[in-house]
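We number each residue from 1, following the sequence as shown. As a basis for the values below, the full set of heavy atoms in this structure was taken, side chains included, without hydrogen atoms, waters or symmetry mates.
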Amino acid sequence: MATLNFTLKTNKQKRDGTIPVYLRITENRRSRFISTGVSLHEKHWNPNQQQVRKSHPSYQAYNDELHTIKTQAENKIRNGNGKDKSITELKDTITGKGKHDFFSYAEQHLSALKSNGQYWNWKKKKVSIEKLKKFNKSDYLPFNAINGDMIERFCLFLKNKPYKNVNNTIAKNIEHIKTIYRRAHKHLNTELRLDVIEYTVKMTKTKKDKLTIEQIRALEALKLDHGSALCTARDVFMFAFYTGGIRFGDMCRLKWENISGDYLHYTMGKTANHTTVKLLSKARSILERYKKDDPKVYIFPLLRNDRDYSDPIFEQRAISSRNVLINRNLQILAKMDEMVKTGITANISTHIARHSFADYARTKEMSLYDVSKILGHSNLKITETYLKSFDQESVDNAMEKLFED
């Protein structure tokens, strides 16, 4: 149960020397503050008794007012099942702000994502919300203040300092805001303005780096010492390529219990979709080099078996750290003579394995449905967009060959 106490906010001291009294709400070691409207000199406040000293001429009136504020707050928390709410929701329950404030609803949405283990979704939306708060210059944004003009000014804000975001980043930020805006309309019956939900930012086409099959073969053929950091980086890349572009985070989480006969079974961290992949001979050969008898240990030496990764944020930080190291080693491999001879220009990383698989599948005329299924996309439209840059490159190369001297 949350605890309620009064405190002086000395950092908000007024010009006349008085200090405002705030009601502090504490839950799970986190606190939020609500102004009581009472201000007085520090000498008139008794912190132990949580009340105004008798030396103040209006002490009785002030203490009655503070008692009323605290009692009403306790009643609102009790009637609103406060024990099941976050600290921000508790504050909103007391102030009544939550039903009208976009940021309060956004906080609840982010909290739900985090509780459900949707780390990436939580992280991306959290970044977008923090940007909007900086633009708004306040952590309070009434729903009725959100309109197309405000969204447009927010976009201009993102293009300039301190963010200097490109169009694609801005477009994603706006989509995150609109997603929460639409959800609030559904759950809170807030106004849904067309100039907000129809506002779009045109994304710039980007080229997806990939390796050619010749470069894949060259990487695979490199003579490396098993157990070395470079060999692990190469094996991780190749295993991702041969298992349909498995994402690095999912690769880190793989344990031997995910292997059943000739099949790999795992749940995608990004989409929560359960996936089954047939292990071809190339993938099985990689696994043989890391074989362990304990089904509960990790397949690849990326996460530690003696660590508890039940906290998704802690786990993701560990994965991100390992990804940096693996990518650094992949870039070292790309500079080896055998790779340089292939004309490699891609900024090689673990995610390039996913791009390379998708492009190779396309050139081998695998059906769009099958590619989409293996990549774990939610619909074919996403896969079409994913493969579009590869198609364009193929057309460009065909044109060059057609008219070359």
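- Evaluation of the salt bridge (charged side-chain N to carboxylate O under 4.0 Å, His left out) rule for Arg153 yields Asp149 as partners, not counting sequence neighbours.
- At a threshold of 4.5 Å between non-hydrogen side-chain atoms, the residues Glu130 and Lys126 count as touching.
- Using modelled atom types, no side-chain atom of Asp209 and backbone atom of Ala346 make a donor-acceptor pair closer than 3.5 Å.
- At least one side-chain heavy atom of Tyr266 sits less than 4.5 Å from a side-chain heavy atom of Asn258.
- Summarising the geometry, atom CG belonging to Leu192 is positioned 5.5 Å from atom OH belonging to Tyr181; distances are rounded to the nearest 0.5 Å.
- Expressed to the nearest 0.5 Å, how far CD of Gln13 lies from OG of Ser39 amounts to 10.0 Å.
- Annotation: salt bridge (charged side-chain N to carboxylate O under 4.0 Å, His left out) contacts of Glu175 (sequence neighbours excluded): Lys178.
- Taking 4.5 Å as the limit, every side-chain heavy atom of Glu315 sits out of range of all side-chain heavy atoms of Arg307.
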(request) Show the numbers, then the answer: is there a side-chain contact (heavy atoms from CB on, under 4.5 Å) between Thr26 and Leu4? (result) CA-CA 7 Å; Thr26 304; Leu4 303 177; over 6 Å; no
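- Judged by distance alone, the side chain of Asp101 and the main-chain N or O of Leu141 form a donor-acceptor pair under 3.5 Å.
- Not counting sequence neighbours, Trp45 has no partner by the ring pair (Phe, Tyr, Trp, His ring centres under 6.0 Å) test.
- Remark: Lys9 NZ is packed, more than 12 non-hydrogen atoms of other residues, nucleotides or ligands lying under 6.0 Å away.
- Sparse packing is recorded around CZ of Arg317, with 12 or fewer heavy atoms of other residues, nucleotides or ligands lying under 6.0 Å away.
- Side-chain contact between Val21 and Leu8 is present, with at least one heavy-atom pair separated by less than 4.5 Å.
- Residues satisfying the ring pair (Phe, Tyr, Trp, His ring centres under 6.0 Å) criterion with Phe300, sequence neighbours excluded, are Phe239, Tyr290.
- Contacts classified as ring-ring contact (aromatic ring centres under 6.0 Å, His included) and involving residues 313-335 (residues at least two apart or in different chains) are given here: Tyr309-Phe314.
- Checked by atom type, the side-chain pair Tyr105/His187 shows a donor-acceptor distance below 3.5 Å.
- A donor-acceptor contact closer than 3.5 angstrom links the side chains of Asn323 and Thr350.
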(request) Could you walk me through whether His109 and Lys125 pass the side-chain contact (heavy atoms from CB on, under 4.5 Å) test, one step at a time? (result) CA-CA 9 Å; His109 176 63; Lys125 287 182 178 177; 3.0 Å; yes
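- Qualifying side-chain contact (heavy atoms from CB on, under 4.5 Å) partners for Val127, counting only residues two or more places apart in sequence or in other chains: Lys131.
- Ring orientation note: the planes of Phe135 and Phe154 are tilted relative to one another, at an angle of 30° to 60°.
- The CD1 atom of Ile326 lies 12.5 Å from the CD1 atom of Ile319; values are rounded to the nearest 0.5 Å.
- Residues Asn329 and Ala233 come closest through the heavy atom pair CB-CB, 3.7 Å.
- With sequence neighbours excluded, the residues satisfying side chain to side chain donor-acceptor pair (under 3.5 Å) with Asp16 are Thr18.
- With sequence neighbours excluded, the residues forming a side-chain contact (heavy atoms from CB on, under 4.5 Å) with Leu194 are Ile197, Glu198, listed by chain and number.
- Atom CD1 of Ile170 is separated from atom CD1 of Ile151 by 12.0 Å, given to the nearest 0.5 angstrom.
- For the atom pair CD1 (Ile216) and CZ (Phe357), the distance works out to 11.5 Å, reported to the nearest 0.5 Å.
- Side-chain atoms of Ser260 never come within 3.5 Å of backbone atoms of Tyr263 as a donor-acceptor pair (strictly under, hydrogens ignored).
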(request) Evaluate side-chain contact (heavy atoms from CB on, under 4.5 Å) for Asn147 paired with Arg193, printing each intermediate quantity in order. (result) CA-CA 7 Å; Asn147 53 46; Arg193 293 180 58 105; 3.4 Å; yes
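- For the pair Arg284 (side chain) and Asp262 (backbone), a donor-acceptor distance under 3.5 Å is absent.
- Of the possible polar contacts, one joining the His185 side chain to the Thr190 backbone as a donor-acceptor pair under 3.5 Å is found.
- Closest approach of Val236 to Met251, counting heavy atoms only: O-CE, 3.1 Å.
- Here His176 pairs with nothing under the ring pair (Phe, Tyr, Trp, His ring centres under 6.0 Å) rule; sequence neighbours left out.
- In this structure the side chain of Thr275 never reaches within 4.5 angstrom of the side chain of Asp250, judged on heavy atoms.
- Proximity of Ile352 to Leu211: side-chain heavy atoms (C-beta onward) are separated by under 4.5 Å at one or more points.
- Summarising the local packing, NZ of Lys278 is surrounded by more than 12 heavy atoms from other residues, nucleotides or ligands at distances under 6.0 Å.
- Aromatic ring pairs are classed by plane angle as parallel below 30°, tilted from 30° to 60° and perpendicular above 60°; the pair His41 and His44 is perpendicular.
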(request) Evaluate the criterion side-chain contact (heavy atoms from CB on, under 4.5 Å) for residue pair Lys159 and Asn167; output intermediate values, then yes/no. (result) CA-CA 8 Å; Lys159 287 184 178 180; Asn167 268 18; 3.8 Å; yes
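- Residues Ile69 and Ile34 are not in side-chain contact: their nearest non-hydrogen atoms beyond the backbone lie 4.5 Å or more apart.
- Considering all non-hydrogen atoms of both residues, Arg53 and Pro47 come closest at NH2-CD, 4.1 Å.
- With respect to Asp294 and Lys292, no salt bridge is recorded, no charged nitrogen being found less than 4.0 Å from a carboxylate O.
- Formation of a donor-acceptor pair under 3.5 Å by the Asp359 side chain with backbone atoms of His355 is not found in this model.
- With hydrogens and angles ignored, the 3.5 Å screen pairs no side-chain donor or acceptor of Arg24 with any backbone N or O of Asn5.
- The number of heavy atoms from other shown groups lying within 6.0 Å of NZ (Lys133) is above 12.
- Asn305 places a side-chain N or O within 3.5 Å of a backbone atom of Tyr298 that can act as its donor or acceptor partner.
- Minimum interatomic distance between Phe6 and Leu66 (heavy atoms only, all atoms of both residues): CZ-O, 3.1 Å.
- Taking 4.5 Å as the limit, every side-chain heavy atom of Thr267 sits out of range of all side-chain heavy atoms of Asn273.
- In this structure a side-chain-to-backbone donor-acceptor pair under 3.5 Å is present from Arg234 to Leu222.
- Remark: Ser138 OG to Phe103 CZ distance equals 7.5 Å, nearest 0.5 Å.
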Please tabulate, for side-chain N and O atoms in residues 330-340, each donor-acceptor pair with protein atoms closer than 3.5 Å (sequence neighbours left out).
none

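- Using modelled atom types, no side-chain atom of His56 and backbone atom of Leu40 make a donor-acceptor pair closer than 3.5 Å.
- In terms of heavy atoms, Lys210 sits closest to Gln215 at O-OE1, 4.3 Å.
- Note on residues 215-225: pairs passing salt bridge (charged side-chain N to carboxylate O under 4.0 Å, His left out), not counting sequence neighbours, are Arg217-Glu220, Glu220-Lys282.
- With sequence neighbours excluded, the residues forming a side-chain contact (heavy atoms from CB on, under 4.5 Å) with Trp120 are Lys123, Gln316, listed by chain and number.
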